[in-house]
Amino acid sequence: MKFTFFSLAILVLFSCVPKKMATKTDLPVQKANTCFENGDCTVEILKNAEILIKKDDTGQLYVEIMPGVKNVFRYSYTRKKLEGIADSGYQEIVLFEFISGEINLHLQDKNLQEAKLIFGRLCYCKGESGYFRISSGDLKLVSKGKSVKVDLKFQAMVPQIIHELKETIKQD
């Protein structure tokens with residue numbers, strides 16, 4: 001009886017360990033070519049990662065980047081905070097995943113979800129903050145050698161600063 005109780009306790013203990021988030025491996029965060037006034041922009045590729053899109057209790061989307069067999073493109077624009085104004089933080093994030101290797105990808109509109117294209121607007125913007133699936137736009141991605149070239153135009157369901165990205169990321 002003691003052995004069964006002890007075994008059950010060990011099983012419960014180890015089943016509660018959180019899943020490990022994807023790490024940035026050996027690719028550094030780079031300054032983005034495309035940036036906007038009064039902010040900082042970065043771009044990175046997370047190797048061996050995948051995007052999990054989930055919903056919380058209120059029905060809002062949220063994103064987890066987990067270890068996987070694909071790569072995740074992440075672009076981030078962070079507006080500089082306004083002095084003396086609480087809750088002035090503002091960030092926009094663009095995420096999508098793609099397979100490794102040499103590829104020439106072109107997706108449009110509803111097909112953008114094949115790459116799990118997600119737009120994040122994180123701010124104190126009542127009813128217009130969070131993560132949103134993108135189903136209107138055009139994504140071109142060319143991965144060749146140690147270079148990934150991204151050309152993206154899109155429209156989100158909420159106000160946005162980022163409408164277009166043209167980035168070339170050099171991989172080591």
Side-chain angles (χ1 to χ4, degrees), residues 21-53 60-65 70-100 102-109 111-172:
M21 294 293 286
T23 58
K24 296 180 184 172
T25 64
D26 56 353
L27 296 178
V29 176
Q30 300 176 23
K31 279 255 185 223
N33 297 326
T34 308
C35 201
F36 307 90
E37 287 185 34
N38 198 26
D40 296 312
C41 301
T42 59
V43 64
E44 63 186 317
I45 293 177
L46 304 170
K47 288 186 151 196
N48 302 316
E50 291 186 29
I51 299 171
L52 272 112
I53 303 168
Q60 289 287 92
L61 293 182
Y62 69 97
V63 175
E64 288 184 17
I65 299 175
K70 297 182 179 181
N71 295 323
V72 173
F73 171 90
R74 184 179 192 276
Y75 175 92
S76 176
Y77 162 71
T78 305
R79 184 177 65 196
K80 292 182 176 134
K81 290 188 176 187
L82 304 172
E83 297 249 348
I85 298 179
D87 298 325
S88 69
Y90 184 90
Q91 183 178 30
E92 290 187 2
I93 299 169
V94 176
L95 295 164
F96 65 85
E97 63 182 28
F98 62 98
I99 60 173
S100 297
E102 296 201 6
I103 59 170
N104 190 350
L105 178 69
H106 185 201
L107 300 172
Q108 291 180 298
D109 298 330
N111 293 331
L112 292 168
Q113 283 309 300
E114 290 177 25
K116 296 184 183 175
L117 181 61
I118 295 291
F119 174 73
R121 183 174 193 239
L122 309 175
C123 57
Y124 185 69
C125 312
K126 292 183 180 183
E128 297 179 332
S129 183
Y131 288 92
F132 305 90
R133 294 178 196 263
I134 300 300
S135 59
S136 176
D138 187 62
L139 169 64
K140 295 175 186 167
L141 178 134
V142 176
S143 176
K144 190 171 187 181
K146 295 186 180 220
S147 174
V148 176
K149 188 174 184 178
V150 175
D151 187 355
L152 172 65
K153 295 176 184 132
F154 71 98
Q155 184 61 47
M157 300 176 349
V158 292
Q160 68 195 85
I161 294 173
I162 304 168
H163 289 276
E164 184 174 345
L165 297 175
K166 289 183 188 270
E167 295 294 330
T168 300
I169 301 101
K170 303 287 185 199
Q171 302 180 71
D172 292 327

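Here the structure is a predicted model, which means the values were calculated and not measured.
Of the possible polar contacts, none joining the Gln60 side chain to the Gly130 backbone as a donor-acceptor pair under 3.5 Å is found. Under a 3.5 Å cut-off, the side chain of Asp109 and the backbone N or O of Ser136 do not form any donor-acceptor pair. A donor-acceptor pair under 3.5 Å is formed between the side chain of Arg79 and the backbone N or O of Ser88. Glu97 places no side-chain N or O within 3.5 Å of a backbone atom of Lys70 that could act as its donor or acceptor partner.
The heavy-atom pair separating Gln30 from Thr168 by the smallest distance is OE1-O, 4.3 Å. Among all heavy-atom pairs drawn from Val43 and Glu167, the shortest one is CG1-OE1, 4.0 Å. Annotation for Val148 and Ser143: closest pair CG2-OG, 3.9 Å, computed over non-hydrogen atoms. The minimum heavy-atom distance between Leu112 and Leu107, with the atom names listed, is CD2-O, 3.5 Å. Closest of all the heavy-atom pairs between Tyr75 and Ala32 is CE1-CB, 3.4 Å.
Gln91 and Ser76 share a side-chain donor-acceptor pair at under 3.5 Å. Checking Asn71 against Ser100 by side-chain atom types alone, a donor-acceptor pair falls below 3.5 Å.
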Show me the donor-acceptor pairs, under 3.5 Å and distance only, between side chains in residues 117-124 and residues at least two apart or in other chains.
residue, atom, partner, partner atom, Å
Arg121, NE, Tyr90, OH, 3.1
Arg121, NE, Pro159, O, 3.1
Arg121, NH1, Glu128, O, 3.0

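Taking the side chain as every heavy atom from C-beta outward, Ile45 and Phe98 approach each other to under 4.5 Å. Counting heavy atoms from C-beta outward, Lys146 and Lys170 have side chains that stay 4.5 Å or more apart. Using a 4.5 Å heavy-atom threshold, the side chains of Val150 and Phe96 count as touching. Residues Phe36 and Glu92 are not in side-chain contact: their nearest non-hydrogen atoms beyond the backbone lie 4.5 Å or more apart. Between Leu95 and Ile65 the shortest side-chain heavy-atom distance falls below 4.5 Å. Using a 4.5 Å cut-off on side-chain heavy atoms (C-beta onward), Phe73 and Leu141 make no contact.
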What do the steps show when you test Arg74 against Glu44 for salt bridge (Lys or Arg N to Asp or Glu O under 4.0 Å), and what is the final call?
-> CA-CA 5 Å; Arg74 184 179 192 276; Glu44 63 186 317; 3.7 Å; yes
Does the side chain to side chain contact (heavy atoms under 4.5 Å, CB included) test come out yes or no for Lys140 and Asn104, once each step is laid out?
-> CA-CA 8 Å; Lys140 295 175 186 167; Asn104 190 350; over 6 Å; no
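Of the inter-residue distances, the one linking Lys153 atom NZ with Leu139 atom CG reads 11.5 Å to the nearest 0.5 angstrom. Atom CD in Glu37 sits 8.5 Å away from atom OH in Tyr77 (nearest 0.5 Å). Distance check: Arg133 CZ to Ile53 CD1 gives 4.0 Å after rounding to the nearest 0.5 Å. To the nearest 0.5 Å, the span separating CD on Glu164 from CG on Asp151 amounts to 6.5 Å.
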